[in-house]
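Below, read A as the first sequence line, B as the second, and so on, with proteins coming before strands; counting in each chain starts at 1.
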Number of protein chains: 2
Amino acid sequence: MSCEQGFFKSLHGKGLRLTPQRKEILSALHELDQLATAEEIFQYTQRKSPHLDISTVYRTLELLKKFQIVTCLQGNDGQYRYELVHTHAPHVHLVCRLCGRVLEAAIDSLEPFVSCMQGQYGFQVDVNSLSVGGLCRECCARMR
Amino acid sequence: MSCEQGFFKSLHGKGLRLTPQRKEILSALHELDQLATAEEIFQYTQRKSPHLDISTVYRTLELLKKFQIVTCLQGNDGQYRYELVHTHAPHVHLVCRLCGRVLEAAIDSLEPFVSCMQGQYGFQVDVNSLSVGGLCRECCARMR
DNA sequence: TTCTCTGCAAAGACTTTGCAGTAGG
DNA sequence: CCTACTGCAAAGTCTTTGCAGAGAA
């Protein structure tokens, strides 16, 4: 698991440690392989490590975020959701404001925007953690 | 205040009422004239209406959101922030992930993306409530 | 008069923190 | 062996809800 190696290096560089709990959480993120809340990740770890605490999940996610191994976004409901950065192709999330469903979308068409923000405002967009609200096809249809 | 009239009509159409508290909150949004948290809006109302309760602020913002009079986004810190939809030109918010500062940016360059999401996924992007994470010019510079 | 709205207080949902014992490097 | 990490419990933060009295239409 190359991700774990990278994580270990990042940790080691700062005098931090690779514990079984951290491995377990990283592994849960891999296996879930989609946006997941801290609670969902926690539930997942419980099968194998029933003593792992949810506060450890939060602390580890915080760490993974710092090292840019996971990104995090907030859904409809205000909860944070996490996913590994490099397992899928880069994408943005489309979050429906009615049904809350989340789609992944390609980022090619975003290029002009990203360049423009860089050029005009010196702002470097985190494409990986972009979350876009709106109406999904189904909810659009339902509204007429 | 045309906004208030629109609000009144929306309310009246559903058998709801325009109360002094709701006026006060709408007025606070106008005068703050920028993204503000429920708490900030609440604080602002306290000068003139010290008995207005924060739960009323939350309930009113919910209502204003339903009528699309305000939009709401979540900043760096997980708090919701609100602003009136039609007082500024349409814009997106650039939220710096380090310093938390929020810039307003023009939306022209976003057009290809919006069309593409519509075409490919049938997803109708809420441009007005788009919040984009990244690094601002200053924080970018500070990182080297 | 009617029924929505408000203030108050309390509960709720999610996340963070303090601490003392545990264990990675 | 040192000090970061964990589980536990408790506290925090922001937001929502229940209720009885107040007040807009």
- Phe67(A): what forms a ring-ring contact (aromatic ring centres under 6.0 Å, His included) with it, not counting sequence neighbours?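 Listed in chain order: nothing, the list is empty.
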- Message: My understanding is that only residues two or more places apart in sequence, or in another chain, count here; which of them pass ring-ring contact (aromatic ring centres under 6.0 Å, His included) with His91(A)?
- Response: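 Scan of His91(A) (ring-ring contact (aromatic ring centres under 6.0 Å, His included), adjacent residues dropped) gives His88(A), His93(A).
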- Query: Between residues 61-72 of chain A and DNA chain C, which residues have a heavy-atom gap below 4.0 Å?
  - Reply: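 Correct list: empty, so none.
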- Neighbours of DNA chain C within residues 45-60 of chain B, by heavy-atom distance under 4.0 Å: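 Close to the strand are His51(B), Leu52(B), Asp53(B), Ser55(B), Thr56(B), Arg59(B).
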Who passes side-chain contact (heavy atoms from CB on, under 4.5 Å) against [X], sequence neighbours left out?
X: Gln21(A); answer: Thr19(A), Leu52(A), Thr56(A)
X: Gln74(A); answer: Tyr80(A), Gln74(B)
X: Ala36(B); answer: Leu32(B), Glu40(B), Ile41(B)
X: Pro90(B); answer: Ile107(B), Asn128(B)

- Treat each ILVMFWY residue as a node, draw an edge where side-chain heavy atoms are under 4.5 Å apart, and state whether Leu29(A) and Leu11(A) are in one component.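 In one cluster with Leu29(A): Leu11(A), yes.
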How about [X] and [Y]: do any of their side-chain heavy atoms sit closer than 4.5 Å?
X: Val92(A); Y: Phe113(B); answer: yes
X: Leu84(A); Y: Thr71(A); answer: no
X: Leu135(A); Y: Cys140(A); answer: yes

Atom-pair distance ([atom1] on [X]; [atom2] on [N]), nearest Å:
X: Glu24(B); N: dA24(D); atom1: CD; atom2: P; result: 14 Å
X: Arg81(A); N: dA13(C); atom1: CZ; atom2: P; result: 15 Å
X: Arg22(B); N: dG7(C); atom1: CZ; atom2: C1'; result: 14 Å
X: Gln79(A); N: dC14(D); atom1: CD; atom2: P; result: 17 Å
X: Asp77(B); N: dT15(C); atom1: CG; atom2: C1'; result: 13 Å
X: Lys23(A); N: dT6(D); atom1: NZ; atom2: C1'; result: 16 Å

- Any chance you could measure Leu103(A), atom CG, to Cys136(A), atom SG, to the nearest 0.5 Å?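 SG of Cys136(A) is found 7.0 Å from CG of Leu103(A).
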- Task: Would you mind listing every salt bridge (Lys or Arg N to Asp or Glu O under 4.0 Å) that reaches into residues 99-115 of chain B, with sequence neighbours excluded?
- Result: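 Sorted result for residues 99-115 of chain B: empty, none.
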- Message: Once side-chain hydrogen bond (donor to acceptor under 3.5 Å, both in side chains) is applied, what residue pairs with a partner in residues 58-68 of chain A remain, sequence neighbours excluded?
- Response: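 side-chain hydrogen bond (donor to acceptor under 3.5 Å, both in side chains) check on residues 58-68 of chain A returns Ser55(A)-Arg59(A).
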- Message: Need the bend value for the helix from dT1(C)-dA25(D) to dG25(C)-dC1(D): angle between end axes, 5 pairs each end, nearest 10°.
- Response: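 It works out to 50° between the end axes.
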- Message: So if I take residues 8-21 of chain A and measure heavy-atom distances to DNA chain D, which residues fall below 4.0 Å?
- Response: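 Those residues are Gly15(A), Leu16(A), Arg17(A), Thr19(A), Gln21(A).
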